[in-house]
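See below for the structure under consideration.
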There are 2 protein chains.
Amino acid sequence: MPNNQFKRGELYSFVTGKASTAIARRLQKKFNTAGLNLTIEQWSVLYHLWKQEGISQQELCNATFRDKPSITRLVDNLEKLNLVKRVASEHDRRINLIYLTKQAQKLQEESMLLAEETLNEALETVPADKIEVCKEVLQIVYDNLK
Amino acid sequence: MPNNQFKRGELYSFVTGKASTAIARRLQKKFNTAGLNLTIEQWSVLYHLWKQEGISQQELCNATFRDKPSITRLVDNLEKLNLVKRVASEHDRRINLIYLTKQAQKLQEESMLLAEETLNEALETVPADKIEVCKEVLQIVYDNLK
DNA sequence: GGCATATAGTTGTTTGTGCAACTATCCAAA
DNA sequence: TTTGGATAGTTGCACAAACAACTATATGCC
């Protein structure tokens with residue numbers, strides 16, 4: 001049992017994601033302070049659309065690791081904010097393709113800068129090689145459980 | 001700028017806590033399968049009460065890294081499930097001390113086993129020294145942002 | 001063509017989070 | 001002793017997640 005040695009206090013932080021919660025809260029505060037009227041969850045959808053727009057809601061589910069109802073409602077809210085548009089696919093009428101509005105394109109640079117800034121604050125004083133190990137472990141955890 | 005080297009794809013996982021989300025989902029499924037009628041958030045409150053009961057809601061806020069309204073509602077729901085009781089402090093009538101019921105005491109062993117099992121599955125194939133580095137980094141992240 | 005099945009998306013319900021505003025109580029200083 | 005500020009907890013609101021049940025459309029097979 002090589003990995004069976006959890007002291008209880010350590011178990012807790014892993015399950016609750018203390019660190020990632022703290023990162024998300026800090027970024028949310030930066031968005032609010034900057035007057036970006038955007039939740040972290042909405043940002044995480046835009047994040048993938050900035051890489052490639054015109055993808056389906058199902059593809060957004062896979063990319064953001066969320067279920068279909070969550071994406072339906074996030075897209076609902078992003079549509080209300082005039083940041084995305086649903087466009088019915090011509091080939092398959094079950095599919096909505098999601099496109100960014102001009103307004104959303106304007107948000108990319110500023111929000112990404114705030115995200116990088118947040119991560120730099122989070123990882124201040126952490127040596128680069130330890131960050132690499134940490135990323136590697138978190139990726140394996142994800143792969144082990146998905 | 002020693003830590004300024006985020007490739008964008010990596011940034012996303014850090015902010016969204018992909019790994020810890022996956023762990024929490026896996027544990028929730030184990031609870032459901034085992035017939036434990038308990039959310040991960042409720043479990044995280046019980047977790048601290050098992051270590052020490054009779055603490056105030058404010059102390060639960062600090063321990064679980066949640067705000068006061070969140071704890072109010074988690075305690076509400078735990079009370080509905082007959083797992084905890086609010087007892088007004090005699091010294092300071094503003095304070096509720098939270099005590100476990102017998103029913104909650106019975107849940108400890110089984111739920112902690114499932115949590116350890118989940119972590120073992122998550123960290124399968126990860127060498128112990130890398131786990132240590134990862135824990136260390138996540139703790140620093142938390143300390144940097146709190 | 002017609003039917004079974006799979007896929008894309010939506011809706012309802014319960015639970016939790018974050019913020020602001022609120023009540024009740026305590027405490028300390030004038 | 002009163003009054004003003006701090007602390008503990010609650011409530012309302014908007015947003016999000018997980019699950020189940022639902023509609024609409026597509027596809028493959030007879």
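Every chain is numbered from 1, with letters handed out A, B, ... down the list of sequences. Given the structure is predicted, the values throughout are model-derived calculations rather than measurements.
Nucleotide D/dT23 holds its C1' atom 13 Å from the CG atom of A/Asn96, rounded to whole Å. Taking atom CG of B/Leu60 as the reference point, atom P of D/dG9 lies 9 Å away to the nearest angstrom. Atom CD1 of B/Ile95 is separated from atom C1' of C/dC26 by 10 Å (rounded to the nearest Å). Atom CD of B/Glu41 is separated from atom P of C/dG18 by 11 Å (rounded to the nearest Å). Following rounding to the nearest Å, A/Ile71 (CD1) and C/dT11 (C1') show an atom-to-atom distance of 16 Å. We find that CG of A/Asp67 is positioned 14 Å from C1' of D/dA21, with the value rounded to whole Å. With rounding to whole Å, A/Ile40 atom CD1 is found 10 Å from D/dA16 atom P.
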### Message
Apply side chain to side chain contact (heavy atoms under 4.5 Å, CB included) to residues B/Ile98 and B/Glu53 and explain how you reach the verdict.
### Response
CA-CA 6 Å; B/Ile98 311 299; B/Glu53 64 173 330; over 6 Å; no
### Task
Let me see the working for A/Thr64 and A/Ile71 under side chain to side chain contact (heavy atoms under 4.5 Å, CB included), right down to the final yes or no.
CA-CA 9 Å; A/Thr64 63; A/Ile71 290 296; 3.5 Å; yes
### Query
Can you check side chain to side chain donor-acceptor pair (under 3.5 Å) on B/Ser20 and A/Ser20, steps first, answer last?
CA-CA 8 Å; B/Ser20 60; A/Ser20 60; 3.3 Å; yes
#### Entry: Trace of the side chain to side chain contact (heavy atoms under 4.5 Å, CB included) decision for B/Lys80 with B/Asn77
CA-CA 5 Å; B/Lys80 278 184 208 156; B/Asn77 286 335; 3.5 Å; yes
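At a cut-off of 3.5 angstrom, the base of C/dG18 holds at least one donor-acceptor pair with the side chain of B/Arg73.
Contacts between residues 74-93 of chain A and DNA chain C, defined by a heavy-atom separation below 4.0 Å, involve A/Arg86, listed by number. DNA chain D is contacted by no residue of residues 19-38 of chain A, taking any non-hydrogen atom closer than 4.0 Å.
In this structure, OG on B/Ser70 lies 12.0 Å from CG on B/Leu60, to the nearest 0.5 angstrom. Expressed to the nearest 0.5 Å, how far CZ of A/Arg94 lies from CG of A/Asp92 amounts to 4.0 Å. With values rounded to the nearest 0.5 angstrom, A/Gln57 atom CD is found 4.5 Å from A/Asn96 atom CG. Between the CG atom in B/Leu83 and the CH2 atom in B/Trp43 there is a gap of 14.5 Å [rounded to 0.5 Å]. In this structure, the separation between NZ on A/Lys18 and CG on B/Leu145 is 11.5 Å, given to the nearest 0.5 Å. In this structure, CZ in A/Phe31 is found 9.0 Å from OG1 in A/Thr39, a value given to the nearest 0.5 Å.
Distance from the side chain of B/Pro69 is smallest for D/dT11 among the nucleotides C/dT17, C/dT10, D/dT11.
Its side chain within the 4.5 Å cluster rule, A/Tyr142 clusters with A/Phe65 among the Ile, Leu, Val, Met, Phe, Trp and Tyr residues.
Listed for the A/Glu116 side chain is no donor-acceptor partner under 3.5 Å among the backbone atoms of A/Leu113.
Scored by the side-chain hydrogen bond (donor to acceptor under 3.5 Å, both in side chains) test, A/Asn82 finds no partners at all (sequence neighbours excluded).
Using a 4.0 Å heavy-atom criterion, one finds that B/Thr72 contacts the bases of the nucleic acid, with or without backbone contacts as well.
Under 4.0 angstrom from either OP1 or OP2 of C/dT7 there lies no side-chain N or O belonging to A/Gln57.
Counting only N and O atoms by type, the side chains of A/Asn144 and B/Glu124 include no donor and acceptor under 3.5 Å apart.
Between its opening and closing five pairs, the helix from C/dG1-D/dC30 to C/dA30-D/dT1 changes axis direction by 0°, a value rounded to 10 degrees.
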Check the interface with nucleotides 4-7 of chain D: list each N/O to N/O pair with the protein under 3.5 Å, or write none.
{"unit_1": "D/dT7", "atom_1": "O2", "unit_2": "B/Arg94", "atom_2": "NH1", "d": "2.9"}

